[in-house]
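The residues of the chain are indexed from 1 along the displayed sequence. Quick caveat: nothing in here was measured; it's all calculated off a predicted structure. We count ligands from 1, going down the list as the structure has it; atoms in each ligand are counted the same way.
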Amino acid sequence: MDPATTTKWIPGPERLAARVTAVQDVYVIGHFGIAHVDPGTWRLRVDGDVATPLDLDLADLRALPGVDVPAVLECFGNPLVPGELVRRAANVVWHGVPVAALLDAAGAGPGPSLWATGADAGEFAGVACTEYRKDVPLAVARERAIVAFGLNGAPLDDEHGGPARLVVPGWFGTNNVKWLTALTVADRRPEHLFTTRLYQRPVPGADGPQPVRDLDVTSVVTAPLEGAAVGTAVTVTGWAWGAEPVAAVAVGVDGAWGRADLEPRGEHRTWQRFALAVDLPPGEHVLAARATDAAGRVQPDGGARNAVHAVSVSVR
Ligand SMILES: Nc1nc2c(c(=O)[nH]1)N[C@H]1C(S)=C(S)[C@@H](COP(=O)(O)O)O[C@H]1N2
Ligand SMILES: [Mo]
């Protein structure tokens, strides 16, 4: 990762057992470090192709009807090494205002692009940037994006993008612009290091790399943990998620796979609990989980950012 990037830490599976990840266990990424934005002077502009540009402060946002949105937050990983295995993830509850309400209040035109700009600036991968910027198709922003100013019931803190950030549930973390200062309605995608150059990947059927948006199908084993000494009766459990609901999770014991119990996803784009009780003979074993989503996509065995998660355990 670029030296300027703040990667505070990568919480391991031992920090991910809870359904809702505690704020201190949520990974932190900032390509230009952590911005510190004064909530007292912070403003959000809604501008571009709008009938009435908005200039909102935090009190204005809080006065609008709010929503609580539980969702997975997951980092795509290093944009310079897109195939590297990543397990930086969390499942949190955002509080904020639907972007649709802001677009309606501003009288937004047809787009079709919504640019989201953050207050942070600096150099990444040798390129100087005057801001962090992402873009979301206006239709997707209207359908599900929020401007979040609360995280797990508390005000959104500096590290996670306070006073307010964009949240696009079901999309990779990179799209969830922290320290948000502007939402701009435009008729084209913005040219920017973080929109058209980094965070791209090949997609089957598309001509040329596409921006990383939809979450991959993924799972993480939260129990037992890597290296654990366990008894002969073990329940292998963890979380599975993706852009689409996860339809099945297989749990492997030394390469023999069985179907785990899996909770349905429900209304929001959260992670889903899986569990399978297995009997292990004495010795060393490799336990693994492999998720399949409703569209039939399967976690690959290796060589990918969302490769199957395997843990080694021993039974004495
Ligand atoms: N303004 C701004 N927003 C940003 C980033 C950034 O560097 N600057 N990093 C993105 C990336 S790559 C991720 S994974 C998430 C991380 O959010 P978190 O630090 O709250 O976990 O923020 C995204 N939003
Ligand atoms: Mo990320």
Going by the angle between their ring planes, with limits at 30° and 60°, are W241 and W271 parallel, tilted or perpendicular? tilted

Numbered atoms of ligand 1 (with element) below 4.0 Å of W179, judged on heavy atoms: 1 (N), 2 (C), 8 (N)

Sub-4.0 Å atoms of ligand 1 with respect to non-hydrogen atoms of D120: 1 (N), 2 (C), 6 (C), 7 (O), 8 (N)

Any donor-acceptor N/O pair, N91 side chain to V20 backbone, under 3.5 Å: no

Just distances here: any N/O of N176 and N/O of ligand 1 closer than 3.5 Å? yes

Taking 4.0 angstrom as the limit, do D104 and R142 come out as a salt bridge? yes

Exactly one of R213, K134, E74 clears side-chain hydrogen bond (donor to acceptor under 3.5 Å, both in side chains) with T174, and that residue is K134

V28: numbered ligand 1 atoms lying under 4.0 Å from its heavy atoms: 19 (O)

Under 30°, 30 to 60°, or over 60°: which ring-plane class applies to F194 and F124, parallel, tilted or perpendicular? tilted

For ligand 1, which atoms have a heavy atom of C75 less than 4.0 angstrom away? 14 (S)

Nearest 0.5 angstrom please: R88 CZ to F76 CZ, how far? 11.0 Å

Ligand 1 to G30, heavy atom cutoff 4.0 Å, flagged ligand atoms 7 (O)

Using heavy-atom distances only, which candidate in D157, T117, T174, L73 approaches atom 11 (C) of ligand 1 most closely? T174

